[in-house]
Student: 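Once you've had a glance at the structure underneath, I'll fire off some questions.
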Amino acid sequence: MGRKFSLEIKDILSAAIEAAAKQGIDDGVFPEAELPAVVLEVPPKKEMGDFATNFAMQSARAFHKNPRQIAEALVERLKLAELEKAEIAGPGFINFYLKSNVIYDGLAKAIEMGEDFGNLPKKDIAPTQVEYVSANPTGPLHVGHGRGAAVGSALVNLLRAAGYPVSSEYYINDAGNQIDNLAASVNARYLEQFGKTVEFPENGYHGADIIDTAKRIIKKDGDKYLAMDEAERLKVFKEVALVEKLAALKEDLEAFNVTFDLWYSERTLHPDKVREAVEELKANGTIYEKDGALWLRSTDYGDDKDRVVIRDNGVPTYLAADIAYHRDKYERGFGRLINIWGADHHGYVCRVKAAMKALGKDPEKLTVLLLQMVALYRNGELVKMSKRTGQSVTLAELIEEVGADAARYFFCMRSLDSQLDFDLDLAKKQSNENPVYYIQYAHARIASIFRQAEGAGLSVGESPKLSLLTDDTELALIKKIEEYPEEVEKAAADLAPQRIARFAYDISALFHSFYAKCRIMGIEPELASARLALVGKAQQVIRHALGILGISAPEKM
RNA sequence: GCGAUAGUAGCUCAGUUGGAUAGAGCAACGGCCUUCUAAGCCGUGGGUCGGGGGUUCGAAUCCCUCCUGUCGCACCA
């Protein structure tokens, strides 16, 4: 697994700038001072060179000199074989123009890495755990869960590509009130099927899937539960419904290209692990008794009120289980915990972190990403959703309507903390208005080129002459390819899969521009080979990025 | 009321340790298919970065304040 070109050349440049600054100090041009970190970036316009640094401006204060003078002194002392020239621009930027062979060497290395290009060296650190979706198994997943599923799985893929060891996990809320409500709902629907008038449970689930469950029970076992004592019947229905709902969840998720390393059952926390956690907190004074209930002193950790963990009837709250769950996560030895929650749970973050701190765990290890809400639009109008009445659009329906690829792209393309307006009509369009098709089309077009090339007896060959690639569109595409590993690294560091969505779009645009301008068939064979090598690499990067997003990369469209 | 999070082109959004003339896509307008997929390309117009103040060589970015949207503020999950 090689290093990444763009990081490598940046390291070389940084070192050279630092050396030049130190030389300046030795020469007495600059005073002794602590140097700022060297930051290199790709300038906004290609006329401004391959890389630029604001180092001269950053060090202006320390050196008591104006940035342009500093830049001049630095450039005079800069010695670097890879550098064509360095220019001072604007208020004191130094723009670096690399020798062209550096760029071609970078592409050659990328090609050499094959499918592994974009995968960074494995990090030898404790694994990161990503917990996401974790929807209650009380009904089908809806579009909000879909966003969590798409973003969560993309994040897991992204972290893995960036070399982090990762374990993904789904926390199953298979204990507590909501499951009792599920059982009661199935019970009501069951009795209804036999013409009995029953009052539907107050917090029951109104979805049609509950009726289906009742009907399936009848199909299998008929009326045999009618005679049963209600408590017994509820117990049976609870298990039947749970198994069924869980299977449906897994099915929906798999259809969405989402799988988990571990499905963690809340039931396994009861009663021992919950009790242990509560006892530990009681022992260190973080839990106290009031009004017959046990309270977590979360106000000591910045919460605006204390929270009940054990109700006055002795039943633990959801928070109690969650504390036990997170304690367990820490004890499983993860180096970092990432939770993806809906924004409606944000009030919870403080409490869980407070409890972890009280348990002597480092709350900094836990990162909670809050996903803002999804609003669906159809024909320009907001599609109303209400979970209570079962009037929500399910993930399965969404996939049915727009396809898993489009749905995943739309969910992943926005930053997590932006509310997402999901335009169903746009997601369905098979045209350039729809970004996911635009990217997939680039991939398919390249596949088509290779099919045609093969027919014409053309191939990349052993060592294509990459230096023949001198068109603006070719150079832009090469540079973009070389940026990819660094983009993976940044996106992973920022926990921002949307950066990969954007990158995939941008590189596709560069390919389409290239394609419109440069031909591959019917030109000199050496140039044709070089161009095939280039588009082959571009295709691999697009495929890799789509892979991170969990979107298919079609050979044909 | 308190808290979280947003407010950038007509619309949807990028823009992270503060940096060059604030970027895309869609929509609008004008061009490009007898050769590798027009699901594409090229071009044009479009902005008080919510308002106001501050910090500094420099602010969409940091600080203060106000306005607006969304989501929370249970012994529900």
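In this text the structure is predicted, and so the values were computed from the model without any measurement. Residue numbers begin at 1 in each chain, while the letters A, B, ... track the order of the sequences.
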Student: Identify whether any heavy atom of A:Pro43 sits under 4.0 Å from a base atom; if not, whether one sits that close to sugar-phosphate; answer base, sugar-phosphate or nothing.
Tutor: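 The answer is base, as A:Pro43 lies within the cut-off (heavy atoms under 4.0 Å) of a base atom.
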
Student: Looking only at N and O atoms, is any donor in the side chain of A:Asn95 or the base of B:rA20 less than 3.5 Å from an acceptor on the other one?
Tutor: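 It does, because a donor-acceptor pair links the side chain of A:Asn95 to the base of B:rA20 below 3.5 Å.
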
Student: Students often get this wrong, so: under 4.0 angstrom with heavy atoms, is A:Ala343 touching a base, only sugar-phosphate, or nothing?
Tutor: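 Here A:Ala343 touches the backbone only, sparing every base.
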
Student: For the ring pair A:His64 and A:Phe30, is the centre-to-centre distance below 6.0 Å?
Tutor: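 A:His64 vs A:Phe30: aromatic centres not under 6.0 Å.
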
Student: Just checking A:Glu47: does its CD atom have more than 12 heavy atoms from other residues, nucleotides or ligands closer to it than 6.0 angstrom?
Tutor: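 Correct, the count exceeds 12.
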
Student: In whole Å, what separates the P atom of B:rA20 from that of B:rG15?
Tutor: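 It works out to 16 Å between them.
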
Student: Applying ring pair (Phe, Tyr, Trp, His ring centres under 6.0 Å), name anything that partners A:Tyr377, two or more places apart in sequence or on another chain.
Tutor: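 Partners of A:Tyr377 by the ring pair (Phe, Tyr, Trp, His ring centres under 6.0 Å) criterion come out as none, since no residue qualifies.
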
Student: With sequence neighbours excluded, give me every salt bridge (charged side-chain N to carboxylate O under 4.0 Å, His left out) pair touching residues 401-410 of chain A.
Tutor: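 For residues 401-410 of chain A: A:Arg378-A:Glu401, A:Glu401-A:Lys428.
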
Student: Under the rule for side chain to side chain donor-acceptor pair (under 3.5 Å), what residues qualify as partners of A:Arg68, not counting sequence neighbours?
Tutor: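 So A:Arg68 forms no side chain to side chain donor-acceptor pair (under 3.5 Å) with any residue.
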
Student: Please state the P separation for the pair B:rG46 and B:rA24 - nearest whole angstrom.
Tutor: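 14 Å, rounded to whole Å.
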
Student: Quick one: the dot-bracket string of RNA chain B, using Watson-Crick and G-U wobble pairs with both distances under 3.5 Å, [ ] for crossing pairs and | for bases paired to another strand.
Tutor: (((((((..((((.....[...)))).(((((.......))))).....(((((..]....))))))))))))....

Student: To the nearest angstrom, how far is A:Glu41 atom CD from B:rG18 atom P?
Tutor: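 Going from A:Glu41 (CD) to B:rG18 (P), I get 12 Å.
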
Student: With a 4.0 Å limit, can you tell me whether A:Lys305 has a side-chain N or O closer than that to the phosphate oxygens OP1/OP2 of B:rC75?
Tutor: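 It does, given that an N or O in the side chain of A:Lys305 lies less than 4.0 Å from OP1 or OP2 of B:rC75.
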
Student: Looking for any heavy atom pair under 4.0 Å, which part of the strands does A:Phe450 touch: base, sugar-phosphate only, or nothing?
Tutor: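 A:Phe450: no heavy atom of the nucleic acid under 4.0 Å.
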
Student: Classify A:Ser448 by what it touches in the nucleic acid, base, sugar-phosphate, or nothing, heavy-atom distance under 4.0 Å.
Tutor: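 Contact class for A:Ser448: base.
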
Student: Would you list the protein and nucleotides 12-15 of chain B atom pairs, both N or O, that sit under 3.5 Å from each other?
Tutor:
unit_1	atom_1	unit_2	atom_2	d
B:rU12	O2'	A:Arg414	NH2	2.7
B:rC13	OP1	A:Gln419	O	3.2
B:rC13	O2'	A:Arg414	NH1	2.8
B:rA14	OP1	A:Ser415	N	3.3
B:rA14	OP1	A:Ser415	OG	2.7
B:rA14	OP1	A:Ser418	OG	3.0
B:rA14	O2'	A:Arg502	NE	3.1

Student: Give the table of side-chain donor-acceptor pairs shorter than 3.5 Å for residues 530-542 of chain A, with sequence neighbours excluded, one pair per line with atom names and distance.
Tutor:
unit_1	atom_1	unit_2	atom_2	d
A:Arg531	NE	A:Glu474	OE2	2.5
A:Arg531	NH1	A:Arg519	O	2.8
A:Arg531	NH2	A:Glu474	OE2	3.2
A:Lys537	NZ	A:Ala110	O	2.9
A:Lys537	NZ	A:Gly114	O	3.0
A:Lys537	NZ	A:Gln540	OE1	2.8
A:Gln539	NE2	A:His443	O	3.3
A:Gln540	NE2	A:Glu115	O	3.3
A:Gln540	NE2	A:Phe117	O	2.9

Student: Does the separation of the ring centres of A:Phe96 and A:Phe51 fall below 6.0 angstrom?
Tutor: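 So the answer is no for these two rings.
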
Student: What residues form a salt bridge (Lys or Arg N to Asp or Glu O under 4.0 Å) with A:Asp344, not counting sequence neighbours?
Tutor: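 Scan of A:Asp344 (salt bridge (Lys or Arg N to Asp or Glu O under 4.0 Å), adjacent residues dropped) gives none.
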
Student: I'd like to know if A:Asp303 pairs up with A:Arg307 as an ion pair, taking the criterion as any Lys NZ or Arg NE/NH1/NH2 lying under 4.0 Å from an Asp or Glu carboxylate oxygen.
Tutor: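 Counted as a salt bridge, because a side-chain N and a carboxylate O are separated by less than 4.0 Å.
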
Student: Restricting to side chain to side chain donor-acceptor pair (under 3.5 Å), what partner residues turn up for A:Arg502, sequence neighbours left out?
Tutor: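 A:Arg502: no side chain to side chain donor-acceptor pair (under 3.5 Å) contacts found.
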
Student: Reckon A:Ala456 touches a base, only the sugar-phosphate, or nothing at all at heavy-atom distances under 4.0 Å?
Tutor: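 Counting heavy atoms under 4.0 Å across all strands, no contact is made by A:Ala456.
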
Student: Does A:Lys556 or A:Asp291 map to a spot on RNA chain B nearer the 5' end, using the closest nucleotide for each?
Tutor: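 Closest to the 5' end, via its nearest nucleotide, is A:Lys556.
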
Student: When you measure from the side-chain N and O atoms of A:Tyr438 to the phosphate of B:rC41, is any distance below 4.0 Å, counting only OP1 and OP2?
Tutor: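 For B:rC41, OP1/OP2 do have a side-chain N/O of A:Tyr438 under 4.0 Å.
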
Student: Within the 4.0 Å heavy-atom criterion, would you say A:Asp344 contacts the bases, only the backbone, or no part of the nucleic acid?
Tutor: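 Sugar-phosphate, no base atom in range.
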
Student: Using a 4.0 Å heavy-atom cut-off across all strands, classify A:Asp322 as base, sugar-phosphate, or nothing.
Tutor: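 The residue A:Asp322 makes no contact with any strand.
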
Student: Sticking with atom C1', work out how far B:rU70 lies from B:rG31, rounded to a whole angstrom.
Tutor: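 Result for the C1' pair: 43 Å, nearest Å.
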
Student: Indicate whether the side chain of A:Asp471 and that of A:Thr473 have a donor and an acceptor atom separated by less than 3.5 Å.
Tutor: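 Yes, side-chain donor-acceptor contact under 3.5 Å.
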
Student: By nearest atom, which of the nucleotides B:rA20, B:rC75, B:rC41 is closest to the A:Ala52 side chain?
Tutor: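 Nearest to the side chain of A:Ala52 among the choices is B:rA20.
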
Student: What's the gap between B:rC26 and B:rC62 when it is taken at their P atoms, as a whole Å value?
Tutor: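 Going atom to atom, P in each nucleotide, I get 30 Å.
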
Student: How close or far is atom C1' of B:rU16 from atom CD of A:Glu489, stated in whole angstroms?
Tutor: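 Atom CD in A:Glu489 sits about 15 Å away from atom C1' in B:rU16.
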
Student: Partners of A:Asp425 by side chain to side chain donor-acceptor pair (under 3.5 Å), sequence neighbours excluded?
Tutor: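 Result, side chain to side chain donor-acceptor pair (under 3.5 Å) vs A:Asp425: none returned.
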
Student: Could you tell me the separation between the CG atom of A:Leu369 and the P atom of B:rC71, rounded to a whole number of Å?
Tutor: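 Taking atom P of B:rC71 as the reference, CG of A:Leu369 is at 21 Å.
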
Student: Side chain of A:Arg519 only, please: which of B:rA20, B:rC71, B:rU35 is the nearest?
Tutor: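 That would be B:rU35.
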
Student: Can you tell me whether the side chain of A:His346 and the base of B:rG3 have a donor-acceptor pair closer than 3.5 Å?
Tutor: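 Check passes, donor-acceptor contact within cut-off.
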
Student: Over all strands shown, is A:Ala453 touching base, sugar-phosphate only, or nothing at heavy-atom distances under 4.0 angstrom?
Tutor: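 No contact.
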
Student: If I pick the C1' atom on B:rG50 and the same atom on B:rU68, what distance separates them, to the nearest angstrom?
Tutor: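 Result for the C1' pair: 8 Å, nearest Å.
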
Student: Go through residues 527-540 of chain A and report each residue with a non-hydrogen atom lying under 4.0 Å from RNA chain B, sorted by number.
Tutor: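 Heavy-atom contacts with RNA chain B come from no residue of residues 527-540 of chain A; none.
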
Student: Between A:His326 (side chain only) and A:Ala355 (backbone N and O only), is there a donor and an acceptor less than 3.5 Å apart?
Tutor: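 Pair absent, no side-chain N/O of A:His326 close to backbone of A:Ala355.
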
Student: Name the closest nucleotide to the A:Tyr515 side chain, picking from B:rA20, B:rA4, B:rA38.
Tutor: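 Closest of the options to the side chain of A:Tyr515: B:rA38.
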
Student: When the P atoms of B:rU16 and B:rU61 are compared, how many Å lie between them, rounded to an integer?
Tutor: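 The answer is 12 Å between these two P atoms.
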
Student: Return the nearest nucleotide to the side chain of A:Tyr318; candidates are B:rA38, B:rA24, B:rA77.
Tutor: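 Within the option list, the nearest is B:rA77.
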
Student: Among B:rC75, B:rU16, B:rA77, which nucleotide sits nearest the side chain of A:Tyr348?
Tutor: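 Minimum distance to the A:Tyr348 side chain belongs to B:rA77.
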
Student: Would you please name every residue forming a side chain to side chain donor-acceptor pair (under 3.5 Å) with A:Glu41, sequence neighbours left out?
Tutor: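 A:Glu41 satisfies side chain to side chain donor-acceptor pair (under 3.5 Å) with no other residue.
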
Student: Using the C1' atom in both, what is the distance from B:rA28 to B:rG45, to the nearest Å?
Tutor: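 Roughly 9 Å separates the two C1' atoms.
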
Student: How many Å lie between CD1 on A:Ile449 and C1' on B:rU35, as a whole number?
Tutor: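 One finds 13 Å between C1' of B:rU35 and CD1 of A:Ile449, rounded.
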
Student: Give me the distance, rounded to whole Å, that separates B:rA14 from B:rG7 when you measure between the P atoms they each carry.
Tutor: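 These two P atoms come out 8 Å apart once rounded.
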
Student: Applying side chain to side chain contact (heavy atoms under 4.5 Å, CB included), name anything that partners A:Thr268, two or more places apart in sequence or on another chain.
Tutor: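 Result, side chain to side chain contact (heavy atoms under 4.5 Å, CB included) vs A:Thr268: A:Tyr264, A:Ser265.
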
Student: Which nucleotide wins on minimum distance to the side chain of A:Met557, given the candidates B:rA4, B:rA20, B:rA39?
Tutor: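 Per side-chain heavy atoms of A:Met557, the pick is B:rA39.
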
Student: Rounded off to whole Å, could you give me the CH2-to-C1' distance for the A:Trp341 and B:rC71 pair?
Tutor: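 Computing the A:Trp341:CH2 to B:rC71:C1' distance gives 15 Å.
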
